[in-house]
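Read the structure below first, then the notes.
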Amino acid sequence: SMTGVIAAMRDVSELKSMELELKQAKGFRGIIGSDPKMLQLFEQIRDLAAFDYPVHIHGETGVGKELVAKAIHKESARSNALFVPINCGALPDGLVESELFGHIKGSFSGAIRNKKGRFELADKGTIFLDEVADLPKSVQVKLLRFLQEGTLEKIGSESPVSVDVRVLSATNKDLLEETRKGNFREDLYYRLNVIPITLPPLRKRKNDILPLSGHFLSETVHPNSQISSTISKEALSAMMDYHWPGNIRELENAVRFAIVKSRTGIIQPEDLPLELQKVQKIPSPKGPDKKLDVPSVEAALKKAGGNKAK
C-alpha cells in the first residue's frame, strides 16, 4: 500500500540525513566536539596558548587529555618544535628519572652510553607528563627544581643543563587529594596547576556521540570497499542511553566492534557490544520493524490527543 512506500522513504531520508551528520564532524585541532562545554574548552586553549605557563589537565580515563595537550602545543609559538609525551604511570620506577632527565655513560650498570632525557629532546617545544601523580617522590623533587630554575641534572652528572620547555601535565586522579594523602608534593602541585583545565566525560556531552562516531567510521576502511558504514537510529539511541565509563576511547572501540559485526554496513543495536545492548533492551521491544496492532495504535492516538499526524 501507499503508506508502506511513504514510511520506507522516510526511513531512508532519515538515514541519509544521519549519514550527512556523521560525516560533518566539527572540532578544533583534532578534538571533535560541538557541545557548549567543548566550545568553551577550544576558546580556553586559544587564550592560554600564547602564554608559557604550565597547564594541568584533569579528566577521566579516555576523555582525550593528550589531544588537548597537543592542541595547546599546536596553537602556541612552540608549534614548530617537538611535542614530547610521556606516560609517567607506564614507566618502571627505576627508569623514570633517566627517561625524563637522561644519564651519562657509566652512571649506573647498564648505562653504556650518554643518553638525552625527554626534557632535552623537547627543548624549545612542549613536554606532556601524563598520569603525573604516578611520579616517584625522588623525581618529583627534580621536576620541581626544573620548574623553578629551568635547569636539570642528568644522572651521574653534576653540571646542570639549561632546557627551554613548556610543561603540560595530566591525571585522572584528584591531584589535590593526592597531596593531602602525602603521595604528591604540595609545592609541585602549585607549580604544575597554574592553569587548570577539566575535561568533561562523554556522558556529560552526549551530543558529541554522533560526530565522534562519524569520525571513527570515516577512519575505518571496510574490507568490502562498496560498503560504507553508518549507524541506524535505533543503534544511536542505545549509544545515547549508555553511560560510557571508558569515555571516547570506549566509544571508538564500540564503533570498531560494530563495523566488524555489521554485515550490511548499517550498524544495528545487535551489532553493538553487549553492555550497550543491555541498556537498549529496557525501553522498547526488540527490532524496529514490528507490525502495528490495534491496541498500540489506539494507545498512540490517545497519547497524541486524537491527532493522527502527531
Side-chain angles (χ1 to χ4, degrees), residues 29-31 38 41 44-45 48 53-74 76 78 82-103 115-122 125-148 152 155 163 165-205 244-253:
R29 291 283 185 190
I31 309 164
M38 298 308 288
L41 173 75
Q44 194 179 3
I45 291 170
L48 62 84
Y53 303 133
V55 176
H56 181 70
I57 305 156
H58 176 256
E60 293 177 12
T61 301
V63 288
K65 297 186 284 289
E66 187 169 335
L67 277 180
V68 171
K70 272 183 188 161
I72 293 167
H73 171 73
K74 285 177 191 165
S76 75
R78 296 178 177 270
L82 286 180
F83 172 82
V84 179
I86 182 161
N87 187 331
C88 305
L91 289 170
D93 275 12
L95 289 178
V96 181
E97 192 175 342
S98 162
E99 201 59 45
L100 290 181
F101 305 113
H103 61 249
K115 180 189 168 169
K116 274 189 177 186
R118 302 277 184 107
F119 273 80
E120 251 187 302
L121 292 171
T126 307
I127 195 157
F128 173 54
L129 303 171
D130 198 6
E131 301 311 339
V132 72
D134 294 338
L135 281 179
K137 280 283 185 73
S138 58
V139 180
Q140 288 179 31
V141 175
K142 277 200 143 183
L143 177 56
L144 179 67
R145 195 177 303 140
F146 173 77
L147 288 164
Q148 286 168 336
L152 54 89
I155 298 174
V163 176
V165 90
R166 182 184 194 172
V167 178
L168 307 178
S169 62
T171 185
N172 57 9
K173 294 176 182 170
D174 182 338
L175 207 51
L176 192 57
E177 186 56 34
E178 292 300 302
T179 66
R180 288 195 193 109
K181 287 178 186 168
N183 299 332
F184 202 79
R185 291 183 64 104
E186 194 176 1
D187 44 9
L188 179 56
Y189 166 78
Y190 288 113
R191 283 274 174 184
L192 290 173
N193 201 48
V194 178
I195 300 171
I197 284 181
T198 302
L199 262 181
L202 188 55
R203 63 184 169 277
K204 295 270 177 73
R205 46 178 282 222
W244 298 106
N247 293 295
I248 296 158
R249 198 175 292 134
E250 187 184 7
L251 175 66
E252 181 178 12
N253 292 343

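Quantities reported herein were computed from a predicted structural model and do not represent experimental measurements.
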With no hydrogens and no angle check, is any side-chain donor or acceptor of [X] less than 3.5 Å from a backbone partner on [Y]?
{"X": "Lys70", "Y": "Phe83", "result": "no"}
{"X": "Ser98", "Y": "Leu95", "result": "no"}
{"X": "Glu60", "Y": "Pro201", "result": "no"}
{"X": "Asn247", "Y": "Arg249", "result": "no"}

Provide the closest heavy-atom pair for [X] versus [Y] in the form atom of the first, atom of the second, distance.
{"X": "Ala122", "Y": "Val84", "answer": "CB-CG2, 3.6 Å"}
{"X": "Leu135", "Y": "Gln140", "answer": "O-NE2, 2.8 Å"}
{"X": "Val163", "Y": "Glu120", "answer": "CG2-CG, 4.0 Å"}
{"X": "Ile248", "Y": "Val63", "answer": "CD1-O, 3.4 Å"}
{"X": "Arg118", "Y": "Pro85", "answer": "NH1-O, 2.8 Å"}
{"X": "His73", "Y": "Gly125", "answer": "CE1-CA, 4.5 Å"}

Exercise. Looking only at side chains, do Glu178 and Asn183 share a donor and an acceptor under 3.5 Å apart?
Worked result: yes

Exercise. So, His56 versus Ser169: side-chain donor-acceptor pair below 3.5 Å or not?
Worked result: yes

Problem set entry | CD/Gln148: more than 12 non-hydrogen atoms of other groups inside 6.0 Å | yes

Problem set entry | side chain to side chain contact (heavy atoms under 4.5 Å, CB included) evaluation trace for Arg166 with Ile72 | CA-CA 10 Å; Arg166 182 184 194 172; Ile72 293 167; 3.6 Å; yes

For this session: Output the distance between atom CD1 (Ile127) and atom CG (Leu143), rounded to the nearest 0.5 Å.
Result: 9.0 Å

Exercise. Given Lys173 and Asp134, is the salt bridge (charged side-chain N to carboxylate O under 4.0 Å, His left out) satisfied, shown in steps?
Worked result: CA-CA 10 Å; Lys173 294 176 182 170; Asp134 294 338; 2.9 Å; yes

Exercise. Are the side chains of Phe101 and Val139 in touch, meaning some heavy atoms are under 4.5 Å apart?
Worked result: yes

For this session: For the pair Phe119 and Phe146, name the ring-plane relationship: parallel under 30°, tilted 30 to 60°, perpendicular over 60°.
Result: perpendicular

